[in-house]
2 protein chains.
Amino acid sequence: MHLELERDRLYVTVDALILTVREGRLYALLSRRKNPPFQGRWALPGRLVGLDEPVEATLDGLLAEMMPEGPRFYEQLYTFSDLNRDPRGRVISIAHLVAVPEAPSGGLTSFEIRLEGDALSLIAPGGGSLPGGELAFDHGGILATGVQRLRGKIDYTDIAFHFLTRPDCFSLGQLQSIFEAVLSCPVDPSNFRRMVKSRYEEPGFIAPLDASTVSPRGRGRPAAMYRVIPKNER
Amino acid sequence: MHLELERDRLYVTVDALILTVREGRLYALLSRRKNPPFQGRWALPGRLVGLDEPVEATLDGLLAEMMPEGPRFYEQLYTFSDLNRDPRGRVISIAHLVAVPEAPSGGLTSFEIRLEGDALSLIAPGGGSLPGGELAFDHGGILATGVQRLRGKIDYTDIAFHFLTRPDCFSLGQLQSIFEAVLSCPVDPSNFRRMVKSRYEEPGFIAPLDASTVSPRGRGRPAAMYRVIPKNER
DNA sequence: CCAAAAGTGTTGGTCGTACACCCATGC
DNA sequence: GCATGGGTGTACGACCAACACTTTTGG
């Protein structure tokens, strides 16, 4: 993205809003811009779409560069096309929402997403707060759109499971903390179990693991573990 | 769209999936292509996005050409970017979902949308059936995506009201027939009224009209009329 | 011309499901 | 201390029944 753009051309980019959940909190993965415009500001990872390149290939390449490899999920979020969203010229961005299990990776920095009233703000790893509007380009708007979409879709899709570090072995408590992080409000454990049973276990999307194979070291009663049934077994 | 496209450039277009409801049935408005590619096939109205033109301006211009003027509603649907979706070159289309009150207009032809099982087919005005896959480009996929989106959003948004010919004077029966057309299944009148009351009337989105000012000539008991409260009065 | 039938709008009830909220028990 | 399960009350949709008001039909 540090190339010169021609003024009489229209460009299409892919921007990735990479979200992850850790310890009951929702994070966005951002990178600091090394070149103008918005040099030094935080931004979503993005890349130009090549003329003969599928958008998915552009995104895959971008994610492979950022994340070391491993499971990830994405879906198209929204296409941002404001005339002046990029001072270099006409750049239309197809923003994607990416859900990854954890963020141990790449040159990206994870910012906690917090909802102050109805506006959201970012908490830097050090602890400093960063208003959403401080991001490069219109990325603050992309962030808001993505979080809103995620919150709206979490309870009638299976997005939440893509945040699990081990989809083959997880407890309902872990899953619940993902829901709580995304919705940013506590969830009743009793209703949550009933919901998971009826919506995911009975349809055969997840299944309980053998009770003997589990060993969740921690305080309190050990949790029963579940696994996501792979698509080819369903 | 009958211009020559340069091979080494990337183009962005806007396609409009214009939907309308008439007599309890859902219609899509299509135009027959006069030029290659896909000459003679039915297609969604579309237009190239100019270099210095906001996408909304492109869409407004397209709709102004197609519809004589009047209320319309649109929202971005999805961006289609397959490499070979347009044989002339790399053309990425930002598809939009448009809801209009009726279709008395333009050079467009209205096809009834029917759901055969889970695939949908189009019924020409003459009565002939047209599989969704017979449309030009990937417009069959755009149609399917749009209908699915509309069905998913109709009962937690106010899209349905944009299909009303007279938002300032409508009956609950008319509104119900819009829901039935979109969902393509009958709706219980009793529950429908309760839903409308709690979701739209009590929040002040619609209000009953004075009983004396109504005169719905027809068989059966005259219906109470309602109006959508304009945004500046809410 | 009048009364009955048919058609549409409107209101009410029951039943089962699902969720909010609370509490008890197992490890 | 955390996981698990049960219980109650409320909200909402599926389904059903009745009533209100109008036009149409048939003597």
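Please read these numbers as outputs of a predicted model, since none were measured by experiment.
- At whole-Å resolution of the value, CZ in B:Arg193 and P in D:dA14 are 16 Å apart.
- Taking 4.5 Å as the limit, some side-chain heavy atom of B:Tyr74 sits within range of a side-chain heavy atom of B:Leu63.
- The stretch residues 159-180 of chain B has no heavy atom under 4.0 Å from DNA chain D, so no residue of it qualifies as close.
- By the side-chain contact (heavy atoms from CB on, under 4.5 Å) test, A:Arg41 pairs with A:Phe38, A:Ala136, sequence neighbours left out.
- Residues from residues 200-208 of chain B placing a heavy atom under 4.0 Å of any atom in DNA chain C do not occur.
- Listed by first and then second residue, the salt bridge (Lys or Arg N to Asp or Glu O under 4.0 Å) pairs involving residues 154-166 of chain B are B:Arg166-B:Asp168 (not counting sequence neighbours).
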Protein-nucleotides 24-27 of chain D N/O pairs closer than 3.5 Å?
none

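- Side-chain contact between B:Pro125 and B:Thr109 is present, with heavy atoms from C-beta onward closer than 4.5 Å.
- The base of D:dG7 sits with one of its N or O atoms less than 3.5 Å from a complementary donor or acceptor on the side chain of A:Arg194.
- In this entry the distance linking NZ of A:Lys197 with P of D:dA3 reads 14 Å, nearest Å.
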Extract from the structure each pairing of a protein N or O with an N or O of nucleotides 16-20 of chain D at less than 3.5 Å, listing the distance.
| residue | atom | partner | partner atom | Å |
| --- | --- | --- | --- | --- |
| D:dA20 | O4' | B:Arg221 | NH1 | 3.1 |

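- Legend: salt bridge (Lys or Arg N to Asp or Glu O under 4.0 Å) pairs involving residues 125-140 of chain A, not counting sequence neighbours, sorted by first then second residue: A:Arg85-A:Asp138.
- Counting heavy atoms from C-beta outward, A:Leu175 and A:Phe161 have side chains that approach closer than 4.5 Å.
- Other residues, nucleotides and ligands contribute more than 12 heavy atoms inside 6.0 Å of the CD atom of A:Glu75.
- Using a 4.5 Å heavy-atom threshold, the side chains of B:Ile113 and B:Leu19 count as touching.
- A 4.5 Å side-chain heavy-atom check between A:Leu30 and A:His139 finds every atom pair outside the cut-off.
- Comparing A:Gly220 and B:Pro222 along DNA chain C, the residue whose closest nucleotide (by nearest heavy atom) sits nearer the 5' end is B:Pro222.
- Every residue meeting the side-chain contact (heavy atoms from CB on, under 4.5 Å) condition with B:Arg114, not counting sequence neighbours, appears here in chain and number order: B:Glu112, B:Glu116, B:Ser121, B:Ile123.
- Checked against salt bridge (charged side-chain N to carboxylate O under 4.0 Å, His left out), A:Glu202 has no partners two or more places apart in sequence or in another chain.
- Pairs of residues two or more places apart, or lying in two chains, never qualify as salt bridge (Lys or Arg N to Asp or Glu O under 4.0 Å) while including a residue from residues 176-185 of chain A.
- Under the 6.0 Å cut-off for aromatic ring centres, A:Phe137 and A:Phe80 do not qualify, their centroids lying 6.0 Å or more apart.
- Under the salt bridge (charged side-chain N to carboxylate O under 4.0 Å, His left out) criterion, A:Glu56 pairs with no residue at all, not counting sequence neighbours.
- In this structure, B:Tyr200 has its ring center no closer than 6.0 Å to that of B:Tyr226.
- In this structure, B:Phe192 atom CZ and D:dA14 atom P are separated by 12 Å, rounded to whole Å.
- Put simply, chain A comes within 4.0 Å of DNA chain C, heavy atom to any atom, from C:dC19 to C:dC27, going 5' to 3'.
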